[in-house]
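All remarks here apply to the structure that follows.
All figures in this text were calculated on a predicted structure; none of them were measured in a lab. Lettering of chains follows the sequences in order, A, B, ..., and the numbering in each one begins at 1.
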Protein chains: 2
Amino acid sequence: MKNPALDQLKIEQPPATLREIVQEKMRDAIISGLFSPGERLVERPLCDQLGVSRTVIRETIRYLEAEGLVEILPNRGPIVAPLSWEDARQIYEIRRMLETAAAMECASAGSKALHADLQAALEALKQAFGQTGPDVVPEVPGALFRASTRFYQVMFEAAGHHIAWEVVNRLNGRISRLRAMTLSAAEREKPGLHHMQTICDAIVAADPEAARRAVAAHLDDAAAVAKRLLSADVPE
Amino acid sequence: MKNPALDQLKIEQPPATLREIVQEKMRDAIISGLFSPGERLVERPLCDQLGVSRTVIRETIRYLEAEGLVEILPNRGPIVAPLSWEDARQIYEIRRMLETAAAMECASAGSKALHADLQAALEALKQAFGQTGPDVVPEVPGALFRASTRFYQVMFEAAGHHIAWEVVNRLNGRISRLRAMTLSAAEREKPGLHHMQTICDAIVAADPEAARRAVAAHLDDAAAVAKRLLSADVPE
DNA sequence: CCCTATCTTGTGGTATACCATAAGACCATC
DNA sequence: GATGGTCTTATGGTATACCACAAGATAGGG
């Protein structure tokens, strides 16, 4: 009676609302540096730029505020949240706790499917990076962020740590703006790519301790870059 | 020239917007169990109940959604997010990582002012509990939540872990609905109060290891209650 | 130039209107 | 009873209007 092939016709995802579309665009724009930290997000010009009503913009800003990407100043309205080294440092510290737990879980209990998924995500990241040269800036700035996010998503979901993934994904949005601050793609991504390869290798090798060390090394490097970038902003 | 006494007249906090007021009321209502998990949050009746326009309700729902207290079902609109034992377990696990770090930091580097603040928060919690008898349900259901939140806030801020506090505070909102599920105030709060006293004592005694153990014990107990409450919902 | 007063306008907060569509109720047929 | 068709209404998504007030510009006086 029931035809499984018909299940494929089911519309699992409703069409995206304007709100969802705008949220993604605004989020990408902030993360990629199109809007600078501290920059005011004034509703009406945003309406013009995005071609939607203020309602959609306002609701979107509520999300972004809850995500920590936007702050509301009294009598001034929303600004793109600044990022201090202290905030970034704490974010890396929390990531260390949560990501090492997930990576070690994967190394302990990983499956072949997980290994394949991780390697696929890593390959996609390499593509996003553009293997045509170390100094070529990718054409789509958000693509790197999405590709590396995918790697982590695979890892957290395989570990079954989906709440931790929510937390980390959100915190990552806040620090990923650092990418837009560095001039050299090689500086910011090659070491990261190498680290993620090491994480993947440790998981495939079923070595939790190696996975933990690889995650920690990755975060240490990323934190050092962040410190350099953000400490230079301290007025002396 | 400049009169410092006039500084006291400065309005540091602007008047709360309707949106802020409604957000707090809705959040409290969800956490206290006034809205049940899975219950639909239909905009127009909410407008009637709260006496505000749909705009305010919609923006509020965006916050609550981002906080994890509300889920949006396609073609059905927002519902109060259900809470599974698996979600709760992961939340307690993350809290363990973050809270032990904060408590140990406080025990290592606490000041007299911190000790006084913690003890004041603990005293306020006892008052909220109502020391008139173990089985008296407090008159204001949200008061217990706020009082215990204050204790943790003091601890995280003293440790300087303000990002972790954001994370934990948000996650706590999601599991604090469990309070509304228990029939006995003694069951749910006396052990917690005792644990928090132990945490406070360990911090005052500058004993990080004891603080870590006290936090872990507290979370273990809370998780056991959650498991009992939420596992009973599994259809067999 | 500095300070104060006044005016204009930009902006956020909020309410309301409009519309599409999905859900649910009801009825007819097999 | 099950199924399909039709109609109504409830509901969410979105746009627009209105208003208060804060910010900024401008003018005048010392």
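Here the rule is side chain to side chain contact (heavy atoms under 4.5 Å, CB included) with B/Met26, and of B/Leu46, B/Val70, B/Ile61, B/Leu34 only B/Leu46 fits it.
Between B/Leu219 and B/Val215, the closest side-chain pair of non-hydrogen atoms falls below 4.5 Å. The side-chain heavy atoms of B/Leu193 and B/Leu122, taken from C-beta on, include a pair separated by under 4.5 Å.
Between the CD1 atom of A/Ile72 and the C1' atom of C/dG12 there is a distance of 10 Å, given to the nearest Å. With rounding to whole Å, A/Arg44 atom CZ is found 11 Å from C/dG13 atom P.
Taking CD1 of B/Ile72 as the start and CZ of A/Arg19 as the end, the distance is 6.5 Å to the nearest 0.5 Å.
In this structure, A/Arg177 forms no cation-pi arrangement with A/Phe35, as its terminal cationic atom is not both closer than 6.0 Å to the ring centre and no more than 45° off the ring axis.
Using modelled atom types and a 3.5 Å distance limit, the side chains of B/Glu86 and B/Gln90 yield a donor-acceptor pair.
A pairwise comparison of heavy atoms in B/Ala124 and B/Ala147 identifies O-CB, 4.3 Å as the closest pair. Shown here for A/Trp165 and A/Thr149, the closest heavy-atom pair between the two residues is CH2-O, 3.5 Å. Here the closest non-hydrogen pair linking B/Ala223 and B/Trp85 is O-CZ3, 3.3 Å.
Within a 6.0 Å radius of CD in B/Glu24, other residues, nucleotides and ligands contribute 12 heavy atoms or fewer.
A distance-only check finds a donor-acceptor pair linking the side chain of A/Ser148 to the backbone of A/Phe145 [under 3.5 Å]. In terms of modelled atom types and a separation under 3.5 Å, the side chain of A/Arg40 and the main chain of A/Arg76 share a donor-acceptor contact. Here the side chain of A/Arg27 pairs no donor or acceptor atom with the backbone of A/Leu64 at under 3.5 angstrom. Remark: side-chain polar atoms of B/Ser36 are not paired, donor with acceptor, to backbone N or O of B/Glu39 under 3.5 angstrom. Judged by distance alone, the side chain of A/Arg58 and the main-chain N or O of B/Thr55 form no donor-acceptor pair under 3.5 Å.
Look at B/Glu67 and B/Arg174 and you find no salt bridge, because none of the NZ, NE, NH1 or NH2 atoms lies under 4.0 Å from a carboxylate O. Using a 4.0 Å cut-off between charged nitrogen and carboxylate oxygen, B/Glu65 and B/Arg62 count as a salt-bridge pair.
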Distances under 3.5 Å between nitrogen or oxygen atoms of protein and nucleotides 4-7 of chain C:
none

Please tabulate, one pair per line, each protein N/O and nucleotide N/O from nucleotides 20-25 of chain C that are separated by under 3.5 Å, including the distance.
| residue | atom | partner | partner atom | Å |
| --- | --- | --- | --- | --- |
| C/dG24 | OP1 | B/Arg76 | NH1 | 3.1 |

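One axis for each end of the helix from C/dC1-D/dG30 to C/dC30-D/dG1, each built from five base pairs, and the angle between them comes to 10° at 10° resolution.
Across residues 50-60 of chain B, B/Arg54, B/Arg58 each have a non-hydrogen atom less than 4.0 Å from an atom of DNA chain D (numbered order). Residues of residues 18-29 of chain A having a heavy atom closer than 4.0 Å to DNA chain D, listed by number: A/Leu18, A/Arg19.
With a heavy-atom cut-off of 4.0 Å to chain B, the contacted part of DNA chain D has its first and last nucleotide at D/dT11 to D/dT14.
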